[in-house]
Participant: 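Below is a structure I'd like to ask you about.
Keep in mind it's a predicted model, so treat the numbers as computed, not measured.
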Amino acid sequence: QVQLVESGGGLVQAGGSLRLSCAASGRTFTTYRMGWFRQAPGKEREFVATISRSGATTYYSDYVKGRFTISRDNAKNTGYLQMNSLKPGDTAVYYCAASSVYTLTPTEFDYWGQGTQVTVSS
């Protein structure tokens, strides 16, 4: 089992920045790839970014590429999502997740956090 807890969400003006954290406990953090997803009201959960076990490889959705940066600190069992140049369209609940395989599909992730709200005002 892996327990994931997100933090760092909040209200920010358009153009601002936030950094989300995802603290992991339980089984070895480095066993899993990590991903970030988001879900806006009335919409399906969508992929945001993913990072390899070592942190060497990352992949982003087109919507956030160039604005968001995913990273991880395996010594601290923590993952991060740095979000810059935020837009109102980025408003959503953000979730971190862990997977044992490379995937962008939410249903193929093994563990999920409870989510943290990000609201971007115009």
Participant: Between Tyr60 and Leu86, is there a shared hydrophobic cluster once you connect ILVMFWY residues whose side-chain heavy atoms come closer than 4.5 Å?
Facilitator: yes
Participant: Using every non-hydrogen atom in the two residues, find where Phe109 and Ala97 come nearest and quote the distance to one decimal.
Facilitator: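 Minimum heavy-atom contact is CD2-CB, 3.4 Å.
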Participant: Just verifying a value: how many Å separate Cys22 SG and Leu81 CG, rounded to the nearest 0.5 Å?
Facilitator: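 Between Cys22 SG and Leu81 CG, I get 10.0 Å after rounding to 0.5 Å.
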Participant: With a 4.5 Å heavy-atom cut-off, do Phe29 and Arg53 have their side chains touching?
Facilitator: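 No; the side chains remain at least 4.5 Å from each other.
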Participant: Between Asp90 and Arg67, what is the shortest heavy-atom contact and its length?
Facilitator: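 Taking every non-hydrogen atom into account, OD2-NH1, 2.7 Å.
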Participant: Quick one: does NZ or CZ of Arg45 land under 6.0 Å from the six-membered ring centre of Tyr95, within 45 degrees of the ring axis?
Facilitator: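 Checked: cation-pi criterion met.
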Participant: If you compare all heavy atoms of Met34 against all heavy atoms of Ser71, which two are closest, and at what distance to 0.1 Å?
Facilitator: CE-O, 4.0 Å
Participant: Could you tell me whether the side chain of Gln117 reaches within less than 4.5 Å of the side chain of Thr91, counting heavy atoms only?
Facilitator: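 In short, these two side chains touch, coming nearer than 4.5 Å.
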Participant: Using only heavy-atom distances, determine whether the side chains of Glu108 and Thr103 contain a donor-acceptor pair under 3.5 Å.
Facilitator: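 A pair is found: one side chain offers a donor N or O, the other an acceptor, under 3.5 Å apart.
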Participant: Determine the minimum heavy-atom distance between Val64 and Arg38, stating which atoms define it.
Facilitator: CG1-NH1, 4.0 Å
Participant: Is there a path of hydrophobic side-chain contacts, each under 4.5 Å between heavy atoms, that joins Ile70 and Tyr80?
Facilitator: no
Participant: Is it the case that the side chain of Arg72 and the backbone of Ser52 share a donor-acceptor pair, with hydrogens and angles ignored and the cut-off at 3.5 Å?
Facilitator: yes
Participant: Any luck finding a side-chain donor-acceptor pair between Asp110 and Ser100 under 3.5 Å?
Facilitator: yes
Participant: Between Ala24 and Leu4, what is the shortest heavy-atom contact and its length?
Facilitator: CB-CD2, 3.7 Å
Participant: If we count only N and O atoms by modelled type, under 3.5 Å, do the side chains of Asn84 and Ser17 hold a donor and an acceptor together?
Facilitator: yes
Participant: Side-chain contact, heavy-atom cut-off 4.5 Å: Thr50 with Thr58?
Facilitator: no
Participant: Using only atom types and a distance under 3.5 Å, with no angle test, would you say the side chain of Ser99 pairs donor to acceptor with the backbone of Val101?
Facilitator: yes
Participant: Out of curiosity, does Val48 fall in the hydrophobic cluster containing Val12 (side-chain heavy atoms, cut-off under 4.5 Å, transitive links)?
Facilitator: yes
Participant: Looking at every heavy atom in both Lys87 and Val120, which two are closest together, and how far apart are they?
Facilitator: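 Reported closest heavy-atom pair: O-CB, 3.3 Å.
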Participant: Between Arg19 and Gln82 (side chain of the first, backbone of the second, donor and acceptor by atom type, cut-off under 3.5 Å), is there such a pair?
Facilitator: no
Participant: Ring centres of Tyr63 and Phe68 under 6.0 Å apart?
Facilitator: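 Tyr63 vs Phe68: aromatic centres not under 6.0 Å.
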Participant: Return yes if some donor-acceptor pair links the side-chain N/O of Gln39 with the main-chain N/O of Glu44 below 3.5 Å, else return no.
Facilitator: no
Participant: Do the non-hydrogen side-chain atoms of Leu20 and Met83 ever get within less than 4.5 Å of each other?
Facilitator: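 Leu20 vs Met83: side chains touch.
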Participant: Rounded to the nearest 0.5 Å, what separation is found between the SG atom of Cys96 and the CD atom of Glu6?
Facilitator: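 Answer for the SG-CD pair, Cys96 versus Glu6, is 4.0 Å.
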Participant: May I ask you to check whether Trp112 and Phe37 place their ring centers less than 6.0 Å from one another?
Facilitator: yes
Participant: Quick check: does any side chain N or O of Thr119 sit under 3.5 Å from a backbone N or O of Leu11, one acting as donor and the other as acceptor?
Facilitator: no
Participant: Are Tyr32 and Ile51 linked, directly or through intermediate hydrophobic residues, by side-chain heavy-atom contacts shorter than 4.5 Å (ILVMFWY only)?
Facilitator: no
Participant: Under 4.5 Å between any side-chain heavy atoms of Tyr59 and Leu104, yes or no?
Facilitator: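 SC-SC contact between Tyr59 and Leu104 confirmed.
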Participant: Flag the pair Val5 / Gln114 as yes when at least one side-chain heavy-atom distance between them is below 4.5 Å, and no otherwise.
Facilitator: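 They are in contact (side-chain heavy atoms under 4.5 Å apart), so the answer is yes.
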Participant: Does NZ in Lys43 sit with more than 12 non-hydrogen atoms of other residues, nucleotides or ligands closer than 6.0 Å?
Facilitator: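 Counting neighbours around NZ of Lys43, 12 or fewer heavy atoms of other residues, nucleotides or ligands fall under 6.0 Å, so no.
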Participant: Determine yes or no for a side-chain-to-main-chain donor-acceptor pair under 3.5 angstrom, with Thr105 supplying the side chain and Thr107 the backbone.
Facilitator: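 Not confirmed, Thr105 side chain does not pair with Thr107 backbone.
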